[in-house]
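See below for the structure under consideration.
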Amino acid sequence: MPPREVTVKAPATSANLGPGFDIFGLALNYPTDKVTITLTDAKPSIKIEVFGVAAQTISTAPERNTAGVVANQILREYGLNLGINIKIEKGIWPSRGLGSSAASAAATVFGLNHLLNLKLSKEQLVRFAAKGEVASAGSAHADNVSAAIYGNFVIVKAYNPVEVIGLKAPPDMEICIAFPQIVTPKGKTVKARSVLPKVAHLEKVIYNTGKVAAMVSGFYTENVELIGQSMSDAIVEPARAFLIPSYVQVKESALKAGACGFGISGAGPAVIAIVNRKKAHSEKVAQAMKESFEAAGLDAIAFTTRPGEGVSLMEK
Ligand code: HSE
């Protein structure tokens, strides 16, 4: 008998890394979600349960949950008549810019691929998972889901159809994440996308293209300093910074504490700092970021992590 149940671990991810809007993604070693997928005879129906961090803020309606959207898409595309139960145990804070919805989508398509023996390639997994992102972000951006599936650093080389290039991250690269405990509006990512300019000046495009190219070079040559310096962004960061209280101060304090790069994590409000562990202490940088938020009267969570692997099956 083929297995009827599988448990999948999916990583948090940080999208954009400065100039790579909708193109760059980085998988984080911590935090992760655990998703258990069970095939049932209650056909055709999708049931979702959510536990863990801020679970009460996540919809369990299949059409409004990225995991449900992905499962439904697979049932329809393969003409399958079966039930699917999805139990999501959140370790990733939702609505912070840490790829929480992408993790659920990636885990679901990865788990169903295994259970149903669909033999989907990594790129095909990304295409399904990106459709789930429409439910939470209003657009099928593939940066978070690609990083969640491939692990490490990804470049979304093309959309329509999605094509992805995956690269290893340098062993000396450490990451600090911090976010203020603010209430984000419903449709947070949709709103954060609506403040972006529709057109960019050639000057800014030249600036960002240089940084994007340098970033890729930084990953190829395992140069953490170059990766950090390349996070500078002339288009999206200036338009979104005002959405994150104390953004400028937190950035300043992270760089002063030794980070070599800083930016908004995805659509925020989390921020990400890159640390070269040969040159600075990530705990010190994370603490400086937290204190900087707190100096403005905001409760904040900060932690250190490093680049991580993509989705994987968990042993029972
Ligand atoms: N690239 C997307 C954005 C990521 O910045 O809107 C959202 O998680």
Side-chain angles (χ1 to χ4, degrees), residues 10-28 31-33 54 57-58 64-67 69-70 90 92-107 126-127 129-150 153-160 162-165 175 177-179 182 184-198 200 204 208 211-212 215 230-244 247 261-272 308 310:
T13 51
S14 183
N16 304 338
L17 290 183
F21 179 71
D22 280 1
I23 287 170
F24 287 160
L26 186 68
L28 308 180
T32 56
D33 278 0
T57 64
I58 299 170
R64 283 201 293 276
N65 185 297
T66 51
V69 172
V70 168
K90 297 298 307 170
I92 307 170
W93 292 267
S95 289
R96 301 292 106 182
L98 295 173
S100 162
S101 57
S104 301
V126 169
R127 286 176 204 156
K131 288 183 185 148
E133 285 288 56
V134 181
S136 70
S139 72
H141 64 90
D143 41 7
N144 291 105
V145 288
S146 298
I149 286 167
Y150 280 69
F153 175 66
V154 292
I155 303 161
V156 181
K157 178 191 157 215
Y159 279 87
N160 297 321
V162 170
E163 290 177 53
V164 181
I165 297 169
I175 295 156
I177 301 282
F179 56 84
I182 52 172
T184 49
K186 241 188 160 18
K188 181 255 321 172
T189 302
V190 178
K191 293 210 168 91
R193 292 176 84 84
S194 73
V195 302
L196 301 178
K198 299 282 169 281
K204 293 183 177 178
N208 271 31
K211 300 295 175 203
V212 161
M215 174 78 77
S230 307
M231 283 179 79
S232 187
D233 164 29
I235 300 170
V236 174
E237 184 196 50
R240 278 185 173 169
F242 82 98
L243 295 169
I244 304 167
Y247 181 79
F262 187 92
I264 302 171
S265 181
V271 292
I272 174 171

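Atoms within a ligand are numbered from 1 in the order they appear, just like the ligands themselves.
- Short contacts between ligand 1 and Gly266, defined as distances under 4.0 Å to a heavy atom of the residue, involve ligand atoms 5 (O).
- Atom 8 (O) of ligand 1 has its closest protein heavy atom at Asn144 OD1, 3.0 Å.
- Taking a cut-off of under 4.0 Å to the non-hydrogen atoms of Arg240, the atoms of ligand 1 that pass are 3 (C), 5 (O), 6 (O).
- Note on ring orientation: taking the six-membered ring where Trp is involved, the planes of Phe153 and Phe24 are tilted (angle from 30° to 60°).
- For the pair Ile264 and Ile244, the minimum side-chain heavy-atom distance is below 4.5 Å.
- The nearest pair of heavy atoms linking Asp33 to Ser100 is OD2-O, 4.0 Å.
- Both the backbone and the side chain of Asp22 come within 4.0 Å of ligand 1, counting heavy atoms alone.
- A donor-acceptor contact closer than 3.5 angstrom links the side chains of Asp233 and Asn208.
- Every atom of ligand 1 is numbered from 1 in the order shown, and the set under 4.0 Å from a heavy atom of Arg193 is 1 (N), 2 (C), 3 (C), 6 (O).
- Contacts between Val236 and ligand 1, counted as non-hydrogen atom pairs separated by less than 4.0 Å, are absent for every part of the residue.
- Other residues, nucleotides and ligands contribute over 12 non-hydrogen atoms within 6.0 Å of the NZ atom of Lys191.
- Between the side chains of Glu133 and Thr66, no donor-acceptor pair is found at a separation under 3.5 Å.
- Shortest contact from atom 7 (C) of ligand 1 to any protein heavy atom: His141 CE1, 3.5 Å.
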